[in-house]
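Step one of this worksheet: look at the structure below.
Keep in mind that this is a model prediction, so the values were computed, not measured. Every heavy atom of this structure was used, including side-chain atoms; hydrogens, water molecules and symmetry mates were not.
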Amino acid sequence: MENFTYNFFILKFTMYSENKTMLSFFFVLIYLTGVMANTTTITVIYRDHRLHTPMYLFLSNLAIVDICYTTSTVPKLVHMLLSGDYTLSFSECFLQMYFFLHVACTEDLLLFVMAYDRYVAICNPLHYHSVLSKKSCIMFMGVVWLAGCIISVIATLTTCNIHLYSNIVPQFLCEFKAFGKISCPNVVFQLVSYMIVVFFGVGPFLCSLISYTRVIIVILHIKSSDGRRKAFSTCSSHLIVLTMYYTTWMVVYSMPSMKDSVFEQTLFILYAIITPMLNPLIYSVRNKDVKRALMKLVGHKVGGE
């Protein structure tokens, strides 16, 4: 592949053609809200020793992933909107693809690990600390991040070596699926695409679905209503995040290409920018332990002043 400069046409909404400043402000607001919320989540978990458990270790990793998610897209998007320069160099394009795909695949696997954590906690509580020991949790996190790195390297190297018939990428970032629309037929590219969908999309989703099916069955067999409520409260936040993430993911990646990309780009914004911002807010509102630790942290700061 020659070293092209790839052009991006951002958000082909005619209603926003003269309101790029307002649109940029919206993205900056979403980005800063997400970064602050996720950073607060990480700080609260780090400062409160009662939250040093497998569940919150995974949650802090999710917060890191969500910060990386929006950082790989929003700053450059805002720069392009304000400057009017919708181009990326060859290296910039594929660096963005690598980082975005890395955190996307990592989040897919991480959400499954979090579902497995809730499965063990509710279905096999007596074996929880042996199954999810400190060593096991570190190993899980290492595998998740390493797997995301490996598949993103493979996908990025494959994409930068395929033949393209256009240098206009039909998306607001250099994204793997978008290159399928402008590439000549390539067996290796299609193979990598299917591998990503199966091992980092459908696979983790089905495993999470099976885990929560077992969890719900166990909860429904708890005799006391108070016991059912307490058991469900421990996994409700993650279930909401899981549902929201995989719903947008499946719509974005299973939807056939459309001539009018407005709807597709809107869904991608929801998937790649809005969802990572909402995740920490959902956990802070739904999770009593996080709310308690947050209030304690705020109280200490106020008291210190």
Side-chain angles (χ1 to χ4, degrees), residues 6-43 62-89 92-93 95-104 106-107 111 168-178 181 237 240-253 255 257-286 294:
Y6 291 90
N7 298 315
F8 293 83
F9 291 87
I10 309 300
L11 301 176
K12 300 176 183 178
F13 295 103
T14 55
M15 68 182 71
Y16 292 132
S17 60
E18 297 179 358
N19 295 294
K20 293 181 181 180
T21 302
M22 291 299 296
L23 191 59
S24 300
F25 175 77
F26 168 75
F27 284 127
V28 170
L29 181 63
I30 293 296
Y31 175 69
L32 293 178
T33 301
V35 169
M36 288 189 293
N38 281 296
T39 302
T40 300
T41 299
I42 296 169
T43 304
L62 180 64
I64 294 171
V65 168
D66 286 337
I67 291 173
C68 296
Y69 232 129
T70 52
T71 300
S72 67
T73 57
V74 176
K76 188 61 181 179
L77 173 59
V78 171
H79 172 264
M80 289 190 289
L81 284 171
L82 293 177
S83 67
D85 180 10
Y86 300 106
T87 62
L88 284 176
S89 68
E92 287 176 331
C93 179
L95 275 174
Q96 185 182 58
M97 178 183 292
Y98 165 78
F99 283 112
F100 182 81
L101 193 57
H102 186 177
V103 293
T106 298
E107 180 152 355
L111 288 173
I168 301 175
V169 179
Q171 193 50 270
F172 63 83
L173 76 160
C174 278
E175 190 268 329
F176 185 76
K177 179 188 175 185
K181 301 177 182 179
S237 298
I240 293 171
V241 169
L242 193 73
T243 303
M244 186 170 58
Y245 178 83
Y246 278 116
T247 299
T248 55
W249 183 90
M250 285 188 290
V251 172
V252 167
Y253 286 100
M255 183 176 60
S257 301
M258 303 185 325
K259 293 182 179 180
D260 184 5
S261 61
V262 172
F263 182 64
E264 186 175 355
Q265 287 180 325
T266 303
L267 288 174
F268 207 90
I269 289 172
L270 180 64
Y271 162 72
I273 299 176
I274 306 296
T275 299
M277 182 270 294
L278 291 177
N279 287 347
L281 300 179
I282 292 171
Y283 272 101
S284 62
V285 170
R286 300 282 305 181
L294 179 59

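In this model, a donor atom of one side chain and an acceptor atom of the other lie less than 3.5 Å apart for T71 and Y31.
In this structure, E107 contributes its side chain and A104 its backbone to no donor-acceptor pair below 3.5 Å. A donor-acceptor contact shorter than 3.5 Å links the side chain of Q96 to the backbone of S72. Between the side chain of T275 and the backbone N or O of L270, at least one donor-acceptor pair lies under 3.5 Å.
Once rounded to the nearest 0.5 Å, the distance linking CD1 of I64 with CD1 of I42 reads 4.5 Å. In this structure, the separation between OG1 on T41 and CE on M36 is 12.0 Å, given to the nearest 0.5 Å. Here NZ of K177 is found 13.5 Å from CE of M97. Values are rounded to the nearest 0.5 Å.
Taking the six-membered ring where the residue is Trp, Y245 and Y271 present tilted rings, their angle falling between 30° and 60°.
P276 and N38 make their closest contact through O-ND2, 3.4 Å (heavy atoms, listed as atom of the first residue, atom of the second, distance). Nearest heavy-atom pair across L82 and T21 is CD2-CA, 4.3 Å.
A 4.5 Å side-chain heavy-atom check between L278 and V241 finds every atom pair outside the cut-off. Considering only heavy atoms from C-beta on, T33 comes within 4.5 Å of L29 through its side chain. When side chains are defined from C-beta on, P280 does not count as touching T40, because their heavy atoms never get closer than 4.5 Å. Side-chain contact between I30 and F26: present, with at least one pair of heavy atoms (C-beta onward) separated by less than 4.5 Å. Using a 4.5 Å heavy-atom threshold, the side chains of T73 and I273 count as touching. Within the 4.5 Å cutoff, no side-chain heavy atoms of L81 are placed close to those of F172. Side-chain contact between N279 and M244: present, with at least one pair of heavy atoms (C-beta onward) separated by less than 4.5 Å.
Taking the six-membered ring for Trp and the full ring otherwise, F268 and F100 have centroids separated by under 6.0 Å.
Among residues two or more places apart in sequence or in another chain, the ring pair (Phe, Tyr, Trp, His ring centres under 6.0 Å) test is passed with F99 by none.
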Worksheet item: side chain to side chain contact (heavy atoms under 4.5 Å, CB included) between K76 and L88: does it pass, once the steps are laid out?
Response: CA-CA 9 Å; K76 188 61 181 179; L88 284 176; 2.9 Å; yes

